[in-house]
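Here's the structure, in structure tokens; my notes come after.
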Amino acid sequence: MTKFLIARVFRSTLVQLETRLVQKGIHILTSRAVPPFVQFFLNKGGKFIVDSNEWSYPAIRKNLFDLQRSLNIKCFFDCKEPRPRASLLQKCSLKSKWEPPENQDVKRYIQATLNEIHEVKRRSKLSNIGRLDRLALRWIRDHPELCIVDCDKNVGDAIVDRDFVHHECNRLLTEGFQQISDDTYRTAAQCAKHAIDSLFFEATEKNVVPKPVYKFVVHRFRDSSPGEFRLRLKVHKTPVVGRPIGNLTQSFLQPLAVFVNEGLTPIMKACQDVVESSYHFMKAVRGTVIPEGFTVLTSDVRNLYPMIPNSGGDDMSPRALLPVLSRRIRSWYRDRPSFGTLLISSIECLIRGQHISFQKVVYKNKSGIITGLACACTMANIYMSELDEFVRENFSDNIVFFKRLIDDAIYCIDKAQAPRFQTLLGSFHENIQWEHDDVEKEHVTFLDLELSIEQTGDERRLCWKMHRKPQSIYQYIPLSSGHPPSMFSSFVQGELQRIHMTNLVENDRAKHRNFFVKRLAERGYPRNWIASQLRKHHLKHKPATTRVFSPSAPANKPVFIRMIFDRSLNPKQVTGLLNKHRHKLPFNCSIRIAWCCQRSIFRRLYSLNWRR
């Protein structure tokens, strides 16, 4: 089947980007006329990177000096006894400014590499956007009545009237937020900073957390700007509505949210009914026998994040957010009660300090969790684990399994008992409203899987195949984007691997591979390149008896040099130069490049869409 698919790719006619055709390019949710060249530009997708960086020798010299520090650090610590690394709070530390002792061998390696920088030849670089693309950018800037919004569930981008976006934002803000004055916000932010500072300073003095954690949590306190509010459009819903998004990445509370997320992650992973992904779910239910008269159904919470009861931290009812998290934390950290208390107090500060701004007006969150917090998903998952226990206590019979990822639940239940079970879910809390599948439905969708019950001999077993949303426009990143070449191969191999794992039957795998190849061709990917990726994937999934394994060298941790990717650079040539003189180093390791990307179209248009 794979050979047939490769042959078909070679025979197929590609639709190149130069044809300027717009095929399902963008969701157009406006009655205003949008020129075809604007649609084509937006068809590139929000992740498309305009390559505007000019590579220079001074830039690579600076990168080499940063590499010298990394090599000196490795040389210094390789001579020391390895110390066990704490598994908790790994992300809660700032980058160290300590300078290690200079190693002469490392210095000679850097000098030899610097002397040969001139050998790196720049390739002729043409701009990856044309005249019509620049005209499209100008057209977007000159039409403030329109807005480009990314859609929920990653189904593409949409161009929509700004009046609709503002109306939907104001509706969401009215439902879950309270408008406050700038002076009120500044006072609240100052009080929150004092509370957090004293909390972690005392914890550091009592050795509850190390001092680097304290420095990490307070390192943004000089900035008092609130988060930014925006939305994603749910084009898979009728009518189209918005999902509220609070961008708190630049807020002074974001480091505290990272600390809370690190503390809550072990608790979330211990929840027995929570699945982390579709792969985790398939592993958990593989081989499950479905009794006669049982069916598989799904239920989904309507707008979970803003509906979680907390009333700004003042709601202390048993099933409010803070009491539920407090019980879980005290149970999990019963051997470290001081750390558990610190984590609970941090969550309380976080809940009370949720502020966002929209059109230069500040709003305070009244209830629920802002989805832009680093710990939002973890907190919601742990809160809903209270529902998992509620289900086990009140409905342990007549149910084969119950699995959940945040607000999506799937369960195998006696068909006659399904209405009673769905009523039980609705009685968990008045704020948590559910949408249920029809009991007679034969195929259900959970995450990216379409599930059904198939008769296999004398047994009924759960089967699945990949599910694709009909609204998706498959805005795969064009090859002309300013991404490193390895990224294109990685995402194609990742999607092929996902197709292989989420389809049980080979015919379904071939069908979805064919669909994926067609979409790649429509995005301008060369047919011979696609065929090489298919061959590479096929070699990975050969039967074990036909694989040829070559002995691998002992794994040595590589050292990375950070560089901004520029399409005029030849990555293989740069990597070869970096490894040419590595024999001069006092240890055996490879030097690899950690590429940094330039700004994407989404980031370039962010101010135009949400700040004007």
Side-chain angles (χ1 to χ4, degrees), residues 15-17 21-29 37-53 127-130 132-134 136-137 140-141 146-160 228 230-236 243 245 247 249 371-372 448 468-469 471-498 516-526 529-530 533 562-567 569 571 594-611:
V15 181
Q16 299 294 342
L17 291 177
L21 293 178
V22 181
Q23 296 186 350
K24 292 182 69 176
I26 189 171
H27 299 284
I28 300 179
L29 305 179
F37 68 90
V38 176
Q39 296 182 45
F40 173 79
F41 173 74
L42 296 176
N43 183 35
K44 295 177 183 292
K47 296 182 178 67
F48 182 89
I49 290 177
V50 179
D51 190 1
S52 59
N53 183 61
S127 176
N128 61 345
I129 60 171
L132 291 179
D133 297 324
R134 294 187 180 91
L137 277 171
I140 293 170
R141 293 190 183 99
L146 294 176
C147 190
I148 292 88
V149 183
D150 52 323
C151 298
D152 198 27
K153 307 297 183 184
N154 199 26
V155 296
D157 299 333
I159 185 166
V160 62
E228 295 182 334
R230 66 182 185 93
L231 56 75
R232 286 178 177 165
L233 290 178
K234 297 182 179 181
V235 295
H236 57 286
R243 176 189 291 274
I245 303 292
N247 181 10
T249 54
T371 51
D448 60 345
R468 296 183 184 274
K469 292 191 177 298
Q471 298 85 3
S472 179
I473 54 180
Y474 302 100
Q475 287 184 328
Y476 298 128
I477 301 172
L479 277 175
S480 58
S481 177
H483 283 87
S486 57
M487 191 284 306
F488 298 101
S489 176
S490 297
F491 105 78
V492 170
Q493 290 299 318
E495 180 65 8
L496 290 172
Q497 179 69 8
R498 187 170 77 98
F516 181 50
V517 164
K518 180 182 177 182
R519 294 302 182 190
L520 284 177
E522 288 178 355
R523 297 294 285 174
Y525 282 73
W529 186 89
I530 301 174
Q533 294 298 319
R562 292 172 60 90
M563 297 178 66
I564 297 177
F565 181 75
D566 177 3
R567 292 189 308 135
L569 280 175
W595 293 112
C596 303
C597 291
Q598 304 172 55
R599 288 194 306 163
S600 62
I601 288 180
F602 172 81
R603 292 187 178 276
R604 286 175 176 268
L605 298 180
Y606 188 87
S607 296
L608 295 176
N609 290 325
W610 302 109
R611 291 176 181 166

Separation between [atom1] of [X] and [atom2] of [Y], rounded to the nearest 0.5 Å:
| X | Y | atom1 | atom2 | answer |
| --- | --- | --- | --- | --- |
| W529 | L520 | CH2 | CG | 7.0 Å |
| D51 | I564 | CG | CD1 | 11.0 Å |
| I601 | F48 | CD1 | CZ | 6.0 Å |
| T371 | L231 | OG1 | CG | 10.5 Å |
| H236 | S472 | NE2 | OG | 12.0 Å |
| S481 | Q598 | OG | CD | 9.5 Å |

Non-hydrogen side-chain atoms of [X] and [Y] separated by less than 4.5 Å:
| X | Y | answer |
| --- | --- | --- |
| N128 | R567 | yes |
| P485 | P571 | yes |
| Q533 | E495 | no |
| H27 | L233 | no |
| L605 | L137 | yes |
| L569 | W595 | yes |

Please give me the minimum heavy-atom distance between [X] and [Y], naming the atom from each residue.
| X | Y | value |
| --- | --- | --- |
| L42 | Q475 | O-NE2, 3.4 Å |
| F488 | P478 | CE2-O, 3.3 Å |
| G482 | F565 | O-CD2, 3.6 Å |
| C597 | I49 | CB-CD1, 3.4 Å |
| I148 | D157 | CG2-CB, 4.5 Å |
| V38 | A136 | CA-CB, 3.9 Å |

Checklist entry - If you look only at pairs with a residue in residues 476-489, which of them pass as a salt bridge (charged side-chain N to carboxylate O under 4.0 Å, His left out), with sequence neighbours excluded? => result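 Checked against salt bridge (charged side-chain N to carboxylate O under 4.0 Å, His left out) - neighbours excluded - no pair reaches residues 476-489.
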
Next on the checklist: Show me the pairs that pass salt bridge (charged side-chain N to carboxylate O under 4.0 Å, His left out) and involve residues 474-493, at least two apart or across chains.
Outcome noted: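 Sorted result for residues 474-493: empty, none.
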
Next on the checklist: Quick one: does any side-chain atom of R523 pair with a main-chain N or O of K44 as donor and acceptor, under 3.5 Å?
Outcome noted: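 Between the backbone of K44 and the side chain of R523 there is a qualifying donor-acceptor contact (under 3.5 Å).
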
Item to check | Donor-acceptor contact below 3.5 Å, side chain Q39 vs main chain I26 | outcome: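 No; zero donor-acceptor contacts below 3.5 Å.
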
Next on the checklist: The criterion is ring-ring contact (aromatic ring centres under 6.0 Å, His included); which residues satisfy it with Y476, sequence neighbours excluded?
Outcome noted: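 ring-ring contact (aromatic ring centres under 6.0 Å, His included) list for Y476, sorted by chain: F491, F516.
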
Next on the checklist: Let's go through L29 and V235 carefully: what are the C-alpha distance in whole Å and the side-chain angles of both, what is the deciding distance for side-chain contact (heavy atoms from CB on, under 4.5 Å) to 0.1 Å, and is it a yes or a no?
Outcome noted: CA-CA 9 Å; L29 305 179; V235 295; 4.1 Å; yes

Around [X], counting heavy atoms of other residues, nucleotides and ligands shown, do more than 12 lie under 6.0 Å from its [atom1]?
| X | atom1 | result |
| --- | --- | --- |
| R468 | CZ | yes |
| K234 | NZ | yes |
| K469 | NZ | yes |

Checklist entry - Salt bridge between D150 and R230, side-chain N to carboxylate O under 4.0 Å? => result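 Yes, this pair counts.
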
Checklist entry - Under the side-chain contact (heavy atoms from CB on, under 4.5 Å) criterion, do L132 and F41 qualify, and how do the steps go? => result CA-CA 8 Å; L132 291 179; F41 173 74; over 6 Å; no

Checklist entry - Does a donor on one side chain sit under 3.5 Å from an acceptor on the other, for R232 and N154? => result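 No.
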
Checklist entry - Once the angle between the rings of Y606 and W610 is folded into 0 to 90°, is it parallel (under 30°), tilted (30 to 60°) or perpendicular (over 60°)? => result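 Answer is tilted, since the angle falls between 30° and 60°.
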
